[in-house]
Protein chains: 2
Amino acid sequence: MSGPMQAFGHIRMFLLCQASTLSRRTNRVAVIRLETSMISREAPNFPINVFDLSKGQSAYRQGDTRDGWYEVTDGFIALCHYFGDGRRQVSRFVGPGDAFGFGIGLRQFSAEALTDVRLKRHTFEVAFDDTTSPIHINTPHPALRRAMEAVEGTIRLFSYTHASDRVAAFLLNFSRYDGHTETLHLPMSRQDLADHLGLTMHTVSRSICDLARRGYFQLERPDLIRISDRARLEQLVEYEPTPDHEQLVA
Amino acid sequence: MSGPMQAFGHIRMFLLCQASTLSRRTNRVAVIRLETSMISREAPNFPINVFDLSKGQSAYRQGDTRDGWYEVTDGFIALCHYFGDGRRQVSRFVGPGDAFGFGIGLRQFSAEALTDVRLKRHTFEVAFDDTTSPIHINTPHPALRRAMEAVEGTIRLFSYTHASDRVAAFLLNFSRYDGHTETLHLPMSRQDLADHLGLTMHTVSRSICDLARRGYFQLERPDLIRISDRARLEQLVEYEPTPDHEQLVA
DNA sequence: CGGGGACTTGATGGTTGTCAAGAAATGTGG
DNA sequence: CCACATTTCTTGACAACCATCAAGTCCCCG
């Protein structure tokens with residue numbers, strides 16, 4: 001019981017902070033804002049840590065538990081993902097005024113300081129009320145966090161410099177819509193794929209046909225693939241699944 | 001005055017919806033959740049539209065005013081950005097369970113139905129209280145929307161198939177940290193750039209040096225660039241600025 | 001059956017990755 | 001402050017790869 005109670009202590013402190021804020025407005029307006037906004041109105045003294053990193057240090061590392069999101073006050077940070085085979089993908093560089101570290105599940109990226117950096121950390125908090133349903137505090141909408149995760153997953157595709165690797169990685173990832181089964185249905189054209197992967201239609205077509213010829217899957221129709229030996233395909237591209245939709249807890 | 005008042009009517013309706021919700025919980029817990037959560041707790045009957053698109057139609061188009069975010073119930077959609085010179089970049093494909101359409105400013109992407117599609121639309125709402133400060137309803141945290149915008153901006157870099165175009169576009173975009181002035185300071189190494197742009201260190205170095213040789217800028221130090229003729233560089237890559245940090249209104 | 005769009009395949013030249021070496025910048029110890 | 005070591009950046013040569021242009025095939029739809 002210590003976990004939940006501890007979190008509740010936070011909330012108690014927080015409520016006191018808010019009381020003064022509320023008194024400055026009409027209740028009505030205040031309630032509207034608070035009820036419906038996806039904006040976090042963080043109270044003073046609510047856990048926001050300010051801290052510094054020197055060049056080369058990390059705010060967090062790939063694989064860490066996700067504990068909050070960050071804002072850069074000063075300096076620059078690279079958000080980078082490491083693959084098992086040594087490839088590295090920098091999702092973006094963040095500088096003064098930028099925020100990062102949303103998303104779901106474990107950290108997919110390391111946040112490495114390129115310079116000396118000052119950061120603000122906004123902690124995710126979870127408490128429990130009497131009904132045992134969790135209350136998420138300062139936590140973005142799950143749909144939004146998943147969307148962020150998906151976009152960052154797309155960026156990871158560009159760590160492949162060879163066209164057929166990139167295509168293969170995309171196909172494996174996209175097969176989540178078919179429940180990662182043998183059958184993979186493609187609703188988009190080759191041109192759409194090309195525009196997604198930064199290739200030409202021809203290269204996409206060649207890559208898919210080549211992969212099929214090399215036995216990684218069967219191309220039953222242009223838009224229907226049967227992945228006979230999934231493991232071999234995954235091995236080809238050091239496949240890393242994106243976090244499942246179920247992993248919604250911060 | 002009709003605009004704000006109309007919005008306020010929405011809120012009034014909404015408040016009534018919420019009253020019943022509140023009564024089911026202790027005020028204390030309810031206030032905590034509502035005050036601090038970045039989760040939108042949308043009331044029943046609050047504007048969520050369900051609608052269908054047939055293959056080929058668009059939920060919205062690049063350049064449209066942003067009026068809300070979407071959730072796919074069924075079917076597939078491509079989110080794609082069109083450049084002036086005919087290039088096209090598909091940021092991602094969204095399918096059942098995925099959400100899209102966050103971000104700031106005008107729509108940067110068109111949402112094109114690849115199949116017949118069923119969607120849920122969650123509208124952004126803005127109202128005004130007595131103090132004239134806007135109240136954002138069902139609107140994600142600005143920092144998060146900017147982060148989303150930034151990641152999607154990165155993806156747009158991959159629409160360039162030639163290395164030096166991609167590098168040039170990155171440099172122009174990154175110079176926002178120096179206020180889009182002549183001077184451009186790069187806090188990251190060539191390898192970091194390569195890992196960001198899906199190239200090798202060598203190609204990045206070559207691209208930068210080539211651009212300098214061709215007179216697009218001066219390379220004063222490896223990490224310090226002086227952009228003498230910004231217009232010419234922008235012309236080279238059909239530069240499109242990412243929305244400024246100031247454009248926060250939905 | 002005929003037409004048109006999407007996909008596949010071939011040939012070729014330009015671009016990039018790879019391997020290798022050299023130059024410049026940075027850091028370290030004397 | 002200088003000499004040396006180390007890292008980072010630049011450049012060259014070559015082979016592999018991809019974009020381009022062009023043609024041919026498949027499939028869907030009228």
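Within every chain, numbering begins at 1; the chains are lettered A, B, ... in the order of the sequence lines, protein sequences first and strands thereafter.
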For this session: Quick one: label A/Arg166 by what it contacts on the DNA or RNA (base, sugar-phosphate, nothing), any heavy atom closer than 4.0 Å.
Result: nothing
Exercise. Within the structure shown, what part of the strands sits under 4.0 Å from B/Ser205 by heavy-atom distance: base, sugar-phosphate, or nothing?
Worked result: base
For this session: Apply the side chain to side chain contact (heavy atoms under 4.5 Å, CB included) test between A/Leu184 and each candidate in A/Leu171, A/Asp223, A/Leu172; give the one that qualifies.
Result: A/Leu171
For this session: Consider only side-chain N and O atoms of A/Tyr60 and A/Arg66, and report whether a donor and an acceptor are under 3.5 Å apart.
Result: no
For this session: Check the surroundings of atom CZ in B/Arg214: do more than 12 heavy atoms from other residues, nucleotides or ligands lie under 6.0 Å from it?
Result: yes
For this session: Give the minimum heavy-atom separation between A/Arg61 and A/Ser110, together with the two atoms involved.
Result: CA-OG, 3.5 Å
Exercise. In chain order, what residues pass the salt bridge (charged side-chain N to carboxylate O under 4.0 Å, His left out) check against B/Arg206, with sequence neighbours excluded?
Worked result: none
For this session: Anything under 4.0 Å to a heavy atom of chain A counts; send over the first and last such nucleotide of DNA chain C, read 5' to 3'.
Result: C/dC7 to C/dA11
Seminar exercise, completed: A/Phe83 meets the ring pair (Phe, Tyr, Trp, His ring centres under 6.0 Å) criterion, sequence neighbours left out, with A/His81
Problem set entry | Minimal non-hydrogen separation, B/Glu238 against B/Asp85, with atom names | CG-OD2, 3.6 Å
For this session: Assign a letter to each nucleotide of nucleotides 18-30 of chain D from its 5' end: B, base within under 4.0 Å of a protein heavy atom; S, sugar-phosphate only; -, no contact.
Result: SSBBB--------
Problem set entry | Passing option when A/Asp52 is tested against A/Arg121, A/Arg118, A/Lys120 for salt bridge (Lys or Arg N to Asp or Glu O under 4.0 Å) | A/Arg118
Problem set entry | Closest non-hydrogen atom pair, B/Leu233 against B/Ala168 | CD1-CB, 4.0 Å
For this session: Establish, from distance only, whether the side-chain atoms of A/Ser207 and A/Asp210 form a donor-acceptor pair under 3.5 Å.
Result: no
Problem set entry | Length of the line joining B/Leu211:CG and D/dT10:P, which is rounded to integer Å | 12 Å
For this session: Give B/Leu219 one of three labels, base, sugar-phosphate or nothing, depending on what nucleic acid heavy atoms sit under 4.0 Å from its own.
Result: sugar-phosphate
For this session: Could you verify whether a donor N or O on one side chain and an acceptor N or O on the other, from B/Asp178 and B/Ser175, lie under 3.5 Å apart?
Result: no
Exercise. Can you tell me how far C1' of D/dT7 sits from CG of B/Asp223, to the nearest Å?
Worked result: 14 Å
Seminar exercise, completed: In numerical order, the residues of residues 79-90 of chain A whose heavy atoms come under 4.0 Å of DNA chain C are none
Exercise. Is the backbone N or O of A/Ser159 less than 3.5 Å from a side-chain atom of A/Gln89, with the two atoms forming a donor-acceptor pair by type?
Worked result: yes
For this session: Please check the phosphate of D/dT10 (OP1 and OP2 only) for any side-chain N or O of B/Arg213 closer than 4.0 Å.
Result: no
Exercise. When the ring planes of B/Tyr177 and A/Phe76 are compared, do they come out parallel, tilted or perpendicular, using 30° and 60° as the limits?
Worked result: perpendicular
Exercise. Could you give the CD1-to-P distance, from B/Ile208 to D/dT8, as a whole number of Å?
Worked result: 16 Å
Exercise. Given axes from five pairs at either end, by how many degrees does the helix from C/dC1-D/dG30 to C/dG30-D/dC1 bend, rounded to 10°?
Worked result: 40°
